[in-house]
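Okay, so here's the structure we're looking at.
None of the values given here were measured: they were computed from a predicted structure.
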Amino acid sequence: MRAVSTAKNARGRGAARLFLALVFPFLAFSAALCLSCDSASGKRAGKQDEYITIGAIFPLTGHYCDEGVRALNGIKQARQEINDAGGVLGKKIDIIVLDDKGDKQRVVEQYNVLKEMGVVAIIGSLFSNVTLPLAEAAAADGMPVISPTASNPEVTKGRKNVFRLIFLDDDQSRIVAGFAHKTLGAKTALIIAGDERFEGMHKVFEEAFKAAGGQVIGKERFTARRDFGAILNKYGRNHPDVIFCATDYTIAAELAEAVNDAGFDGVKLLGTDAWDGILTFAHRLEAMERVYYASPFAFDEIHPAVARFSQRYFDNFSYTPISTAAQSYSAVQILVKAIESAGSTKAEDIIEVMRTGVFDVIAGHMSFDENNNPCSLDASVYIMEIKGGYYRSVEKIRIRERGL
């Protein structure tokens, strides 16, 4: 475990106050225009043999379109760099990106479209509940699939062709609990649940926090109305040191503001990788000053490859990358390295290299275990915080050092 320097890349950090929500519909529309160009480039008459075509499926419209746009930008940057360097196997890489709208049925429909278009592999999707039906459909066909950010163990379990780039839900829950106790000095915690997609993470956090010597003073559940005020009122005379809530960043932003409004001075909020992007929905930045969450990537990491990626991303898109962009960029890197190593675009050859190879990408120096989860001695979780409206990393915790 070590602290991560935040002194470098000041130019990038100056743009880390990410988008306002109103910007995203325009970005998603712009992305759709770019995607038509992407699709056309790989399928131009008489030139199809000049390209190796990869598919991708992200939420480019709808509630989580900002996540999809970040992923799109990551793979666009990767494609440009690979093609500028000469491509792979004597051909250029093309990536056809389709919109799943965050919908479990639509993602399968879009998968079938990409399969008919002859893609050699697929990147996607971003959320576990959407990636699961994609994984099921692809497993039946033996199509190589790699998800940048789907952390539910069931996504890859028992499927030799489906891979993930992010740590598992259980790993990050334990690490966040350990961070709360050891680094923040928390003795008491309140758990607030309500989103079934993250159900198991609350149990793991509770077990790990108690094992470290902490006390869970309450377990609450929010409704569809997300009435955090009523929940917090129960603890008005007995503030916990920390509140843990595994949910997505849109709800996390509401929780942070509710805790701020309730006057819970000194209470820290703990979240998971799904909180990355919370500033998009922040209305009052002072409410974000208590936020800490787990992430697979930190733009202020001191590694030269990460610094280069972050600077180029800022130059290309005028804002600093967070985890979805970096993980998607890494997914392209891995697929291209697998194709190059295999000397083939056949599904079984790509899968074999991915299952047995070692990959150096900005997500780390990694291989995949028997369940196609990332496995490496330097696998780490970054703890991120928000200060003055900017993201920054405060700690880098190696998973194996916490006995995971």
Side-chain angles (χ1 to χ4, degrees), residues 15-25 27-28 59 61-71 102 126-127 129 149 151 172 176 180 190-198 201-202 205 220-233 235 240 242-299 319-325 382-394:
R17 184 178 297 174
L18 300 182
F19 320 107
L20 294 175
L22 290 177
V23 175
F24 285 112
L27 288 178
T61 57
H63 194 59
Y64 299 107
C65 65
D66 53 317
E67 281 288 276
V69 169
R70 285 191 279 264
L126 301 181
F127 299 99
N129 65 323
T149 55
S151 54
Q172 61 173 319
V176 169
L190 169 64
I191 295 173
I192 301 180
D195 193 324
E196 63 180 10
R197 294 175 297 168
F198 307 96
M201 302 180 76
H202 299 97
F205 174 88
E220 302 287 345
R221 183 168 295 276
F222 62 84
T223 67
R225 295 179 61 187
R226 302 199 287 272
D227 189 2
F228 294 122
I231 292 173
L232 296 172
N233 284 340
Y235 300 89
V242 295
I243 298 173
F244 177 73
C245 181
T247 187
D248 66 57
Y249 53 86
T250 63
I251 299 174
E254 295 183 20
L255 173 61
E257 294 184 355
V259 172
N260 190 68
D261 292 344
F264 276 35
D265 296 338
V267 177
K268 308 300 185 184
L269 293 181
L270 305 176
T272 66
D273 66 295
W275 284 32
D276 210 9
I278 189 173
L279 279 178
T280 304
F281 291 87
H283 296 96
R284 298 191 304 280
L285 291 178
E286 68 273 12
M288 301 293 114
E289 297 283 329
R290 64 179 77 240
V291 166
Y292 296 88
Y293 65 87
S295 174
F297 171 81
F299 72 89
Y319 57 89
T320 298
I322 56 177
S323 61
T324 310
Y382 295 90
I383 302 297
M384 307 297 292
E385 69 173 356
I386 296 169
K387 291 297 180 184
Y390 305 122
Y391 298 106
R392 70 181 187 184
S393 60
V394 293

**Prompt:** Taking it one step at a time, do D66 and F281 satisfy side-chain contact (heavy atoms from CB on, under 4.5 Å)?
**Reply:** CA-CA 11 Å; D66 53 317; F281 291 87; 4.0 Å; yes
**Request:** Would you please test Y382 and F299 for side-chain contact (heavy atoms from CB on, under 4.5 Å) and show each step?
**Result:** CA-CA 10 Å; Y382 295 90; F299 72 89; over 6 Å; no
**Request:** Under the side-chain contact (heavy atoms from CB on, under 4.5 Å) rule, what do F244 and V176 come out as? Steps first, then yes or no, please.
**Result:** CA-CA 9 Å; F244 177 73; V176 169; 4.1 Å; yes
**Request:** In sequence, state the C-alpha distance, the side-chain angles, and the governing distance for M384 and I278, and then conclude on side-chain contact (heavy atoms from CB on, under 4.5 Å).
**Result:** CA-CA 11 Å; M384 307 297 292; I278 189 173; over 6 Å; no
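Listed for the T149 side chain is a donor-acceptor partner under 3.5 Å among the backbone atoms of L126. The closest donor-acceptor contact from the side chain of W275 to the backbone of S295 lies at 3.5 Å or more, if one exists at all. Without hydrogens or angle criteria, R290 side chain to F264 main chain gives a donor-acceptor distance under 3.5 Å. In this structure a side-chain-to-backbone donor-acceptor pair under 3.5 Å is present from D276 to S323.
Exactly one of Y292, Y391, Y390 qualifies for a side chain to side chain contact (heavy atoms under 4.5 Å, CB included) with E385. That residue is Y292.
Contact record, S151 with D273: OG-OD1, 4.1 Å, taken as the closest heavy-atom pair. For E257 against A282, the heavy-atom pair with the smallest separation is OE2-C, 3.8 Å.
The aromatic rings of Y64 and F127 sit tilted relative to each other, their planes meeting at an angle between 30° and 60°.
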